Enquirer: 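Have a look at this one before I ask anything.
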Amino acid sequence: MAPDGTSKTPPEAPGKGLLRFLTCGSVDDGKSTLIGRLLYDSKLILEDQLVALARDSRKHGTTGDDIDLALLVDGLEAEREQGITIDVAYRFFSTPKRSFIVADTPGHEQYTRNMATGASGSEAAVILVDARKGVLTQTRRHSYICSLLGIRHVVLAVNKIDLVDFSPERFHHIVGDYFGFAQALGFESITSIPVSARFGDNVTSRSERLRWYEGPTLLEYLETVDADHELAARPFRFPVQWVNRPNLDFRGYSGTVASGSVTLGDRLVVAASGRESALVRIVTADGDLRSAQAGDAVTLVLADELDVARGDLLARTDARPEVVDQFAAHVLWMAEEPMLPGRSYLMRIGTRYVPARVTSLKHKIDVNTLEHIAAKTLALNEIGLCNLGSATPVAFDPYAENRETGAFILIDRFNNATAGA
Amino acid sequence: MLSRHLQRLEAESIEIMREVAAEFANPVMLYSIGKDSGVMLHMALKAFYPSKPPFPLLHIDTGWKFRDMIRHRDMIAERYGVRLLVYTNPEGLARGINPITSGSQLHTQVMKTEALKQALDKWGFDAAFGGARRDEEKSRAKERIFSFRSKGHVWDPRNQRPELWRLYNTRIGKGETIRVFPLSNWTELDVWQYTQAEDIPVVPLYFAAPRPVVLRDGLLIVRDDERLPLEPGERTQMRTVRFRSLGCYPLSAAVESTAATLEEIVAEMFAARTSERSGRVIDADEAASMEKKKREGYF
Ligand SMILES: Nc1nc2c(ncn2[C@@H]2O[C@H](COP(=O)(O)OP(=O)(O)O)[C@@H](O)[C@H]2O)c(=O)[nH]1
């Protein structure tokens with residue numbers, strides 16, 4: 001309780017816990033303004049930040065004498081000067097119902113990889129469109145990337161509704177347009193909301209000017225959307241991060257349970273070698289556990305001395321991952337230098353680094369139409385379906401079944417840049 | 001018992017620390033003695049248990065820390081049995097750089113940023129943990145968890161590596177380094193709630209007590225020793241104050257508060273109306289000041 005007897009943020013938001021989401025969409029659709037509005041209306045802008053904001057608004061703002069909420073989130077000097085978002089920014093806010101981490105991602109195509117960075121850690125996406133412009137290429141590209149990166153719940157926020165006279169026809173037209181495209185992406189839910197980020201309509205409070213709209217406000221939606229990955233219900237997977245060997249009497253494998261759960265006595269297998277042993281201890285600094293679930297950082301001790309190293313994947317013997325050296329995957333290319341089939345990259349999957357090649361590019365994907373296009377290479381920000389081969393067999397699950405063990409990144413072997421994912 | 005939210009944050013931080021221990025030849029943990037460092041160190045002890053953290057602590061001592069901070073640092077190193085390295089920029093010391101007559105900018109540049117780079121080079125560290133959080137400040141909100149530094153410790157915020165899922169790219173070339181921020185997704189409130197739940201020792205300066213303060217440019221500066229000269233007309237007065245953020249004492253402003261226990265601090269946080277860095281003299285200069293310092297190698 002705060003001294004004045006009110007509790008602004010309860011110690012733990014009951015039930016729903018933390019939600020990580022991103023805002024995306026084309027340049028100038030109002031992403032930064034929307035987040036600024038969420039923070040501002042949740043009373044999370046602090047006094048000294050308001051003073052700085054007023055000063056920055058006069059210097060770089062686009063809203064005349066009003067404070068420019070977008071400047072709250074555009075954190076880099078170059079961003080404030082040019083009035084664009086270059087890299088993803090993370091913001092924190094909470095309501096009595098839930099706490100949030102929001103990734104504000106850039107709209108320019110050039111910075112798609114930064115948008116992907118924000119999307120990969122998120123459970124839900126708010127995709128903005130400017131009500132005057134409707135669905136644009138970037139709207140489609142970002143929606144597609146969100147679906148590739150495993151996001152299941154999407155909000156289509158039709159923003160700047162004030163500039164189209166709060167027109168329901170315009171709103172429904174855009175929603176229809178979007179559904180025509182997004183149906184194929186396999187999201188579990190798409191919720192459309194007409195909003196004005198600048199004036200606050202339907203962001204945290206219901207708008208008198210949008211009485212024809214009966215759904216939730218954006219905040220109501222975010223407070224209730226289900227963020228559960230269902231990772232706990234998947235088969236047990238444990239990428240070994242670090243071999244814990246303080247002395248000759250103890251040998252444990254430290255890591256975070258990627259999915260599923262494990263209990264003392266379970267029979268475990270080292271995926272790549274096929275060697276098996278029983279789980280005898282689950283060690284943590286707070287004492288041993290009887291079982292561990294997805295998300296727990298623990299140290300496992302096996303009954304037998306197996307050859308287990310960083311990069312190995314432990315699974316239960318009754319539900320093993322695939323172990324292969326040839327597979328097909330969608331790749332988003334993030335390097336200036338195009339992806340070349342045949343060239344060797346370093347692949348990171350789980351805690352393992354392994355040399356890998358793209359053996360062939362099956363096709364590129366047109367983000368506007370989702371059509372497959374024949375191509376030889378992938379340029380920066382392009383997406384394609386590739387056949388890959390790794391130097392040694394790797395353990396993995398199909399990405400659609402398990403984003404923890406089905407995802408990988410490709411690293412350029414010369415400059416160590418993260419090139420693809 | 002930790003809340004589910006804190007459990008999840010803790011597990012994420014532990015995972016990050018284990019990545020570094022597994023992939024880097026010579027990591028180090030920056031220890032600034034504050035509450036964030038305290039949480040980070042506490043989690044490092046948990047992350048590698050029953051082993052000890054496989055890296056030393058490094059404190060960059062500007063010579064102007066509160067005396068209570070130095071006492072706390074030495075107590076912690078002994079109590080936890082961890083190796084502590086302390087480094088001070090020798091040229092800065094010889095030239096008498098200080099926060100009062102040299103100005104806060106030069107002092108920070110020489111005694112913190114330069115000192116840090118010298119120390120990292122001296123011991124050849126290839127990865128350094130820092131306790132910074134994204135909720136602290138705008139340019140920090142933009143930084144990756146594994147933040148790449150080219151030769152010379154330069155941060156290029158316009159060209160950061162993509163960071164997807166939790167598949168951190170730990171690869172670097174010769175002379176390049178990585179700064180790692182295990183508390184990126186923590187808020188100030190999370191830090192205090194965790195400190196309370198895990199009973200982590202903190203510097204007494206975080207708790208309200210009567211202290212000798214000087215009111216200067218609207219900020220409450222605690223006069224920790226005689227080196228801080230009084231300007232004409234100034235006098236020290238006793239006020240009940242505490243700190244939300246600790247640094248060099250002439251550059252850290254206190255806040256008036258009666259919160260004398262961890263419970264009271266957490267309660268105060270719920271009602272807080274200013275950000276913790278508002279008490280930092282070095283940030284007030286201009287909006288881009290932190291970014292500029294970070295590009296030059298500041299943590
Ligand atoms: N009229 C109106 N203008 C808006 C609204 N949302 C954003 N804007 C303006 O649109 C411009 C671009 O917004 P910004 O948040 O920077 O877009 P971003 O590039 O997506 O982050 C700014 O001038 C905003 O003030 C809105 O709901 N209504």
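Remember, predicted model here, so these are calculated numbers, not experimental data. Residue numbers begin at 1 in each chain, while the letters A, B, ... track the order of the sequences.
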Enquirer: Specify which of B/Val266, B/Thr187, B/Asp190, B/Thr170 makes the most heavy-atom pairs with chain A at under 4.5 Å.
Expert: B/Thr170
Enquirer: Would the distance check show the side chain of B/Gln160 and the main-chain N or O of B/Lys142 forming a donor-acceptor pair, the cut-off being under 3.5 Å?
Expert: yes
Enquirer: Under 4.5 Å, counting heavy-atom pairs only, tell me which of A/Val243, A/Thr256, A/Asn244 racks up the most with chain B.
Expert: A/Asn244
Enquirer: Quick one: what part of A/Phe250 sits under 4.5 Å from any heavy atom of chain B, side chain, backbone, both or neither?
Expert: side chain
Enquirer: Got a salt bridge between B/Glu19 and A/Arg348, using NZ or NE/NH1/NH2 to carboxylate O under 4.0 Å?
Expert: yes
Enquirer: What residue in B/Ala47, B/Ala22, B/Pro50, B/Ala11 has the most heavy-atom pairs under 4.5 Å with chain A?
Expert: B/Pro50
Enquirer: Please classify the contact between B/Ser184 and chain A as side chain, backbone, both or neither, with a heavy-atom cut-off of under 4.5 Å.
Expert: backbone
Enquirer: Looking at B/Phe55 versus B/Phe129, is the centre-to-centre ring distance below 6.0 Å?
Expert: yes
Enquirer: Is B/Glu263 close to chain A through its backbone or its side chain, or both, or neither, when contacts mean heavy atoms under 4.5 Å?
Expert: neither
Enquirer: Can you confirm whether more than 12 heavy atoms, excluding those of A/Arg245, are under 6.0 Å from its CZ atom?
Expert: yes
Enquirer: So, does B/Arg18 use its side chain to make a donor-acceptor pair with the main chain of A/Gly255 at under 3.5 Å?
Expert: yes
Enquirer: What part of A/Arg20 is in contact with chain B, defined as an atom under 4.5 angstrom from a non-hydrogen atom: side chain, backbone, both or neither?
Expert: side chain
Enquirer: How about CG on A/Asn247, more than 12 heavy atoms from neighbouring residues, nucleotides or ligands closer than 6.0 Å, or not?
Expert: yes
Enquirer: At a 4.5 Å cut-off on heavy atoms, which part of A/Arg310 comes close to chain B: side chain, backbone, both, or neither?
Expert: side chain
Enquirer: Between B/Glu264, B/Arg166, B/Gln7, which residue shows the highest count of heavy-atom pairs closer than 4.5 Å to chain A?
Expert: B/Arg166
Enquirer: Has B/Arg242 got its NZ or CZ under 6.0 Å from the middle of the six-membered ring of B/Phe207, at an angle within 45 degrees of the ring axis?
Expert: no
